[in-house]
Amino acid sequence: MEQTLPTVGVEEEFLLVDPATGVAVNRAAEVVAVAREASGLELEHEITWTQVEINTSVCGGAEQVRRELRGLRRAVAKAAREAGCRAIAVGAPPVGDTEGVISDGVRYRLIADEFGALATRQLICGCHVHVAVPDRETAVQVSNHLRPWLPVLGAVTANSPFSRGADTGFASWRSMVWSQWPVAGPPPVFTSWQHYQAVCDMLLESGTALDPAMVYWDVRPSSRWPTVEVRVADVGAGVDDAVLLAALVRALVANAVMDVERGVPPVPVPVEILRQACWRAARDGLAGSALDVLSGRLVPLRRQLDGLVDRLRPVLRANGDLPLVEHGLRVLDRDGCGADRQRRAFRDGGMEAVLDLLEADAADHPPRRGVVEVKMAADVDLSTSDALERRCAEAVDAGAEEIVLDLSEVVFFGSSGITALARIRALGHDRGVPISVVASSTVARMLHATAMDTLLPLRVPPAA
């Protein structure tokens, strides 16, 4: 069982922009200083002065990742506001210039000297997920096993459709900018750690990478930690996106470690095929299709994501991350990926609405929607109780301040309905959303017989 419980850590990068115009500003030094003084938070600098990075601790699961990211995002958003700018969670600058000023530091200066304008154009923000592995040899083999899923993982957080104020036609424009580096995108298959190291040595010798940290493949053994690092994603529009990504990567790595130990070989998808699938996923996001590299067919990315979750379900259930994955999927089905949300916000309120959507701590707090009624007119039995639970969960996810569950027309209410109500009540309790029931006489008798009416406020209309 211990094999299915690796630790996980998440890095998120944020763009600093002018509060009014949304144009990138060189305020990283001020934001880092304010965060340190105000909350003791040590933010990381990036290659330009327009970006800052947050890092979780080494986390035991997705729930801890969620708690830490919420706190870190609030802290960085507050520090940015106090420094006179905004920290936004976006893969690429939606408006203004796409070049920045290189940060201080010998390494960043060397990169700028060697790679010129390519370095100054990196005003892009990603999300990197680290998952612990036993050793470097395992890290290489695990990376081989993760390669086929890179297009799907990239689509989950696609969150950069705009550049210079216009729609690029891509869900992840960051991916297009990032792909210009000589060592970026999906890696080849490696036979061993020695093979991986030999290729890295060649890259350094050729000058296409100045150090091991510049081997920017979408999945790689970390150059600093005993982890596999997945780097394919935009920074997520909200915490739910990042948590879903982290949970999926954690489960993929756990599953791959077991496959490696059992001697199960990876699927050796050619790099040129994988690159095409990643390009298509970056263009379309979850709303489109990409080549399923395991079947060789063009398949909707949302369906590929479902296939991945089904494959990982036993591991997700064992490591306790399944509820947060299911929550993340509901958010995607309701709102789309970050690119979908940005386009919808732009259509409704222009770039100002986009910037409001992307503020680092905004997407974690959906707009409150008052009292929401969830009505069930059909019998509540084994075939419908899941729908009852799902609709209530969707209402909570959508920002309901209170839920009234209308069961006044229900004629049959079985034991599966009681189980569903217990889970609905627990969800409301965890999220601080009061839940009450309007019941038919049949439902009221069942709730009274099971003492559920002592846990949920119950009202029976006179007509019942």
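Computed from a predicted structure; not experimentally measured.
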Original post:
Between Val10, Asp234, Thr157, Val232, which is the residue that forms a side chain to side chain contact (heavy atoms under 4.5 Å, CB included) with Cys127?
Top reply: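 Going through Val10, Asp234, Thr157, Val232 one by one, the side chain to side chain contact (heavy atoms under 4.5 Å, CB included) with Cys127 is satisfied by Val10 alone.
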Measure from the side-chain N and O atoms of [X] to the backbone N and O of [Y], and report whether any donor-acceptor pair falls under 3.5 Å.
| X | Y | result |
| --- | --- | --- |
| Asp397 | Val331 | no |
| Asp340 | Cys337 | yes |
| Thr7 | Gly60 | no |
| Gln122 | Leu118 | yes |
| Glu13 | Gly126 | yes |
| Arg27 | Leu16 | no |
| Thr48 | Val101 | no |
| Arg81 | Pro19 | no |
| Thr227 | Glu229 | no |
| Thr98 | Arg121 | no |

Heavy-atom side-chain proximity of [X] to [Y] below 4.5 angstrom:
| X | Y | result |
| --- | --- | --- |
| Val76 | Glu12 | no |
| His130 | Glu11 | yes |
| Leu252 | Leu308 | yes |
| Val23 | Asp97 | no |
| Ser57 | Glu68 | yes |
| Lys78 | Leu41 | no |
| Leu150 | Pro186 | yes |
| Leu110 | Glu114 | no |

Around atom [atom1] of [X], are there more than 12 heavy atoms of other residues, nucleotides or ligands at under 6.0 Å?
| X | atom1 | result |
| --- | --- | --- |
| Arg109 | CZ | yes |
| Glu272 | CD | yes |
| Arg136 | CZ | no |
| His429 | NE2 | no |
| Glu352 | CD | no |
| Arg262 | CZ | yes |

Looking at [X] and [Y], what are the two nearest heavy atoms and their distance?
| X | Y | answer |
| --- | --- | --- |
| Ala80 | Arg86 | CB-C, 3.9 Å |
| Pro188 | Val271 | CA-CG2, 3.4 Å |
| Ala362 | Asp356 | CB-O, 3.3 Å |
| Pro212 | Leu204 | CD-CD2, 4.1 Å |
| Val228 | Val219 | CG1-CG2, 3.7 Å |
| Ser192 | Val140 | O-CG1, 3.8 Å |

First locate atom [atom1] of [X], then atom [atom2] of [Y], and finally report the distance between them rounded to the nearest 0.5 Å.
| X | Y | atom1 | atom2 | answer |
| --- | --- | --- | --- | --- |
| Ser416 | Glu389 | OG | CD | 10.5 Å |
| Trp279 | Met176 | CH2 | CE | 7.0 Å |
| Tyr196 | Gln141 | OH | CD | 13.0 Å |
| Asn255 | Arg250 | CG | CZ | 13.0 Å |
| Thr384 | Arg391 | OG1 | CZ | 10.5 Å |
| Leu388 | Thr419 | CG | OG1 | 11.0 Å |

Carboxylate-amine/guanidinium contact [X] [Y], below 4.0 Å:
| X | Y | value |
| --- | --- | --- |
| Arg66 | Glu63 | yes |
| Arg303 | Asp292 | no |
| Arg334 | Asp240 | no |
| Arg147 | Asp218 | no |

**OP:** Quick one: do Ile47 and Gln51 satisfy side-chain contact (heavy atoms from CB on, under 4.5 Å)? Show the steps, please.
**Re:** CA-CA 8 Å; Ile47 192 168; Gln51 302 150 291; 3.9 Å; yes
**OP:** Start with the C-alpha distance between Trp149 and Leu294, add both sets of side-chain angles, then the distance that settles side-chain contact (heavy atoms from CB on, under 4.5 Å), and finish with yes or no.
**Re:** CA-CA 9 Å; Trp149 300 105; Leu294 298 180; 3.7 Å; yes
Original post:
For Arg280 and Ser289, does a side-chain donor sit closer than 3.5 Å to a side-chain acceptor?
Top reply: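 Note: Arg280 and Ser289 side chains miss the donor-acceptor criterion.
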Original post:
Taking Asn159 as the fixed residue, which of Arg341, Gln342, Arg174 is the one that meets the side-chain hydrogen bond (donor to acceptor under 3.5 Å, both in side chains) rule?
Top reply: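 The single option meeting the side-chain hydrogen bond (donor to acceptor under 3.5 Å, both in side chains) with Asn159 is Gln342.
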**OP:** Walk me through it: do Thr50 and Asn26 pass the test side-chain contact (heavy atoms from CB on, under 4.5 Å)?
**Re:** CA-CA 5 Å; Thr50 61; Asn26 299 302; 3.2 Å; yes
For residues 242-249, tabulate all N or O donor-acceptor pairs below 3.5 Å that involve a side-chain atom, not counting sequence neighbours.
none

Original post:
side-chain contact (heavy atoms from CB on, under 4.5 Å) between Leu305 and Leu332: does it pass, once the steps are laid out?
Top reply: CA-CA 11 Å; Leu305 177 57; Leu332 288 178; 3.9 Å; yes
Subject >> Glu326: which of Arg390, Arg317, Arg313 passes salt bridge (charged side-chain N to carboxylate O under 4.0 Å, His left out) >> reply: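 Filter result, single survivor: Arg313.
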Original post:
What orientation do Tyr216 and Trp181 show, parallel under 30°, tilted 30 to 60°, or perpendicular over 60°?
Top reply: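 The arrangement is perpendicular - the two ring planes meet at more than 60°.
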**OP:** Indicate the ring-plane relationship of Phe190 and Trp217, choosing parallel, tilted or perpendicular according to the 30° and 60° boundaries.
**Re:**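 Ring orientation of Phe190 relative to Trp217: tilted.
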